[in-house]
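Encoded as structure tokens, the structure appears first; notes follow it.
The model shown is predicted, which means the values in this text are computed figures rather than measured ones.
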Amino acid sequence: MFDLSTRDVKYLPGVGPQRAALLNKELNIYSLRDLLYYFPYKYVDRSRLYYIHEIDGNMPYIQLRGRILSFETFGEGRQRRLVGHFTDGTGVVDLVWFQGLKYITGKYKANEEYIVFGKPTVFNGRINVAHPDIDPAQELTLSTMGLQPYYNTTEKMKRTSLNSHALEKLMKNLFQVLQKETFEETLSPSLIATHQLMPLTDALYNIHFPQNPELLRKAQYRLKFEELFYVQLNILRYTKERRNKFRGLVFEHVGEIFNTFYAHHLPFQLTGAQKRVIKEMRRDMGSGRQMNRLLQGDVGSGKTLVALMTMLIALDNGFQACMMAPTEILATQHYETIRHFLEGMPVRVELLTGNVKGKRRETILRDLLTGDVHILIGTHAVIEDTVNFSSLGLVVIDEQHRFGVAQRAKLWGKNTCPPHVLVMTATPIPRTLAMTLYGDLDVSVIDELPPGRKPIQTIHQFDNRRKSMYEFIRKQIQEGRQVYIVYPLIQESEKMDIKNLEEGYMHICEEFPEYKVSKVHGKMKPAEKEEEMQRFLANETQIMVATTVIEVGVNVPNASVMVIENAERFGLSQLHQLRGRVGRGADQSYCILVTGYKLSEETRKRIEIMVQTNDGFEIAEADLKLRGPGDLEGTQQSGVAFDLKIADIAKDGQLLQYVRGIAERLLEDDPEGVKPENRIVWQQLKELRKKNVNWSVIS
């Protein structure tokens, strides 16, 4: 069989150079294999015909058989539209096109019989079907059509008539070319037999052109199983290789520094969850293997204190520790907090950021090499080549998704034996996603808040009832508190009728002339942003108007109100992260979610969940189900190091755990990948790692 990945898609009948260029640019489809693995996102039953007198504007999709009586053109310029009056003898519907008008009138003729398929709506009292699929009646045999696939396309593709229907035709052409081919299996015969999986050839045909729902289900299961199996096998094998390659530093004892801190300097009693995760880390660091642990905990759950106590264990064993944070303000905050915790103890803590220059920097770099600096806290500056340690034993990375793998690897190289690694995140990650994003990390969870913290009260407010909200804000400021007001955009968008930050800032200044207002957004220079945040931290400004740049950052215990404008535009996890900016002091804090009246069902659910619970893990699970993994950390697929073409981490969590078990057993049974029965599996994993460069960066 010829290799599909080396066959250019432009040579497929119906494609050609122009369409190929569009497929390359819009969908990353370059080869026949890319096209074959571009799966439909839904299927519609095309076996039934309706009569026009049966249909109304509320039906999802309809299929009609009849003829076009005539065409009419209305409007000018962008408003121009083509209307085809279509009848089946029981009534008339209007077929409407807003693009490709010349193409339509050239292709379809009046009084010829067609089968029309599309979504009906009502306009001016008449039923319309916009941009329908049209096929000559004699070319379609309804009994063999089964379920019609629907493919995601872009606006640019649709403008050139390369819509879902056109992709479906290309897919049919592809199977015409491949009709005598059998695809080489990508799973071993034993896996296929044991788990009753559909053969690959059948699965690929039925994922595009299923004859019935049962065949579709089997095809989807086979392809999802394979995709998740190789993702997990890759992660597990990588983890095993790394553990074999890197022996860990052995921290044999907990000594004087840790015990003195625990007995005399603890600011408050540890929660049960904090004690549990410290024990887990002690066990890792004493085991002789490198610790590689993810510490999850909501904002304010006490992760910094846990990280400090873990660093003190490194110090007790004669090693230095280092903490890296994504922003200067967060690094400075950690530095101040840790220095405050260690006041009066013989532990030297230093801060290294881009702003630390000259003699101060030289002194820190020199004293790191002699071992006189025990704990270094900083930004990306700590991974520079000029920064070297006497004996780095532990690396703590805060908000890990802000750092690339290469940046973390640089920290590993700061010692001949790689240091222990503790990764912290305030983004609660559901178990199924953690297994995929951080499959090579052991996971610890702090699921209790420190004593004295009050749960944040969340309120849903419609945007036409601002008077009472502004009165409430004024009252809070009069009591000495501070307020965040967050907007989703910086500049006005033509497409979205939503409040933007610039307008919002002016409005708040006018509404609260007696108070000082800060403004922070992502397009500001770092120094300007830093200055505004510091002014707010020092209570020189009482209100901070911002975009989501404050999602990870400044800790202002005095801020007790978080107002989120157009809350419907944010994902659940992002709303939760923003809410976590308040509730950091002993005072009651509030989060006000401002939305319009018209909300979709999904948005309404998101807002209800936020009002009902402060539990980050509950929220993350709900977000995963509602939105998928894409935006859990604020950026599209920011942590996903591979492309999932068919599996959905949110919906296929059970299958993910099932295949992980299978991958674990295979790795135990054949750790070196030498057994003949597993040859196909190891060969396929090797191929996947070659084709998708991202696979090799899971770490």
Side-chain angles (χ1 to χ4, degrees), residues 155 298-299 426-428 430 456-470 472-473 483-508 511 519-522 543-552 561-583 589-638 648 650:
E155 286 306 315
D298 259 342
V299 171
T427 306
I456 301 160
Q457 197 176 325
T458 305
I459 301 145
H460 180 203
Q461 172 91 49
F462 290 114
D463 61 9
N464 61 350
R465 299 182 61 192
R466 292 183 173 273
K467 196 177 171 191
S468 59
M469 181 173 83
Y470 289 152
F472 175 73
I473 288 172
V483 178
Y484 292 105
I485 300 177
V486 177
Y487 289 88
L489 281 187
I490 298 167
Q491 291 170 332
E492 197 166 347
S493 161
E494 290 175 6
K495 291 183 182 174
M496 296 183 189
D497 179 26
I498 62 178
K499 294 205 176 300
N500 62 76
L501 182 128
E502 298 294 350
E503 260 186 23
Y505 174 72
M506 299 293 290
H507 172 69
I508 294 300
E511 190 66 40
K519 178 174 69 174
V520 176
H521 58 74
I543 300 172
M544 176 178 278
V545 174
T547 58
T548 55
V549 291
I550 59 149
E551 185 185 338
V552 174
V561 181
M562 164 67 69
V563 177
I564 304 174
E565 292 281 358
N566 297 104
E568 67 269 28
R569 302 284 178 190
F570 296 91
L572 261 176
S573 287
Q574 201 172 23
L575 287 172
H576 182 64
Q577 279 284 86
L578 287 166
R579 175 169 65 182
R581 292 295 105 208
V582 294
S589 289
Y590 305 88
C591 177
I592 303 169
L593 306 174
V594 183
T595 72
Y597 261 105
K598 289 183 179 176
L599 298 176
S600 69
E601 190 56 37
E602 185 187 302
T603 305
R604 206 174 290 283
K605 275 184 195 163
R606 281 210 303 273
I607 302 296
E608 280 170 12
I609 290 163
M610 285 297 295
V611 170
Q612 285 163 8
T613 183
N614 280 298
D615 185 324
F617 289 95
E618 200 179 312
I619 285 164
E621 288 286 0
D623 204 20
L624 191 56
K625 283 179 184 139
L626 285 170
R627 292 161 61 90
D631 201 45
L632 273 174
E633 295 179 340
T635 54
Q636 279 299 308
Q637 301 288 6
S638 60
D648 181 325

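Every side chain to side chain contact (heavy atoms under 4.5 Å, CB included) that E601 has, sequence neighbours left out, goes to K605. Scanning for side chain to side chain contact (heavy atoms under 4.5 Å, CB included) contacts around H507 gives Y470, E511, with sequence neighbours left out. In this structure Y505 satisfies the ring pair (Phe, Tyr, Trp, His ring centres under 6.0 Å) test with no other residue, sequence neighbours excluded. Under the side chain to side chain contact (heavy atoms under 4.5 Å, CB included) criterion, S468 pairs with Q461, not counting sequence neighbours.
Ion pairing between K598 and E568 fails under the 4.0 Å rule for side-chain N and carboxylate O. Look at K519 and E502 and you find a salt bridge, because one of the NZ, NE, NH1 or NH2 atoms lies within 4.0 Å of a carboxylate O, short of that distance.
We find the CD1-CD1 distance between I543 and I508 to be 6.0 Å, quoted to the nearest 0.5 Å. In this structure, the separation between OG1 on T603 and CZ on R569 is 9.0 Å, given to the nearest 0.5 Å. The CG atom of L575 sits 10.5 Å away from the CD1 atom of I609 when rounded to the nearest 0.5 Å.
Of all non-hydrogen atoms in V611 and T458, the two that sit nearest each other are CG1-O, 3.8 Å. Contact record, S589 with G583: OG-N, 3.1 Å, taken as the closest heavy-atom pair. The heavy-atom pair separating T595 from A567 by the smallest distance is CG2-CB, 4.0 Å. For I456 against C591, the heavy-atom pair with the smallest separation is CG2-N, 3.8 Å. Here the closest heavy-atom approach between residue I485 and residue E565 is recorded as CG2-CG, 4.2 Å. The two residues T547 and H521 make their nearest non-hydrogen contact at OG1-CA, 3.5 Å.
Using modelled atom types, one side-chain atom of R606 and one backbone atom of F570 make a donor-acceptor pair closer than 3.5 Å. In terms of modelled atom types and a separation under 3.5 Å, the side chain of R579 and the main chain of M610 share a donor-acceptor contact.
In this structure, V582 and Y590 have side chains that are not in contact, with every pair of non-hydrogen atoms separated by 4.5 Å or more. Using a 4.5 Å cut-off on side-chain heavy atoms (C-beta onward), M469 and V594 make contact.
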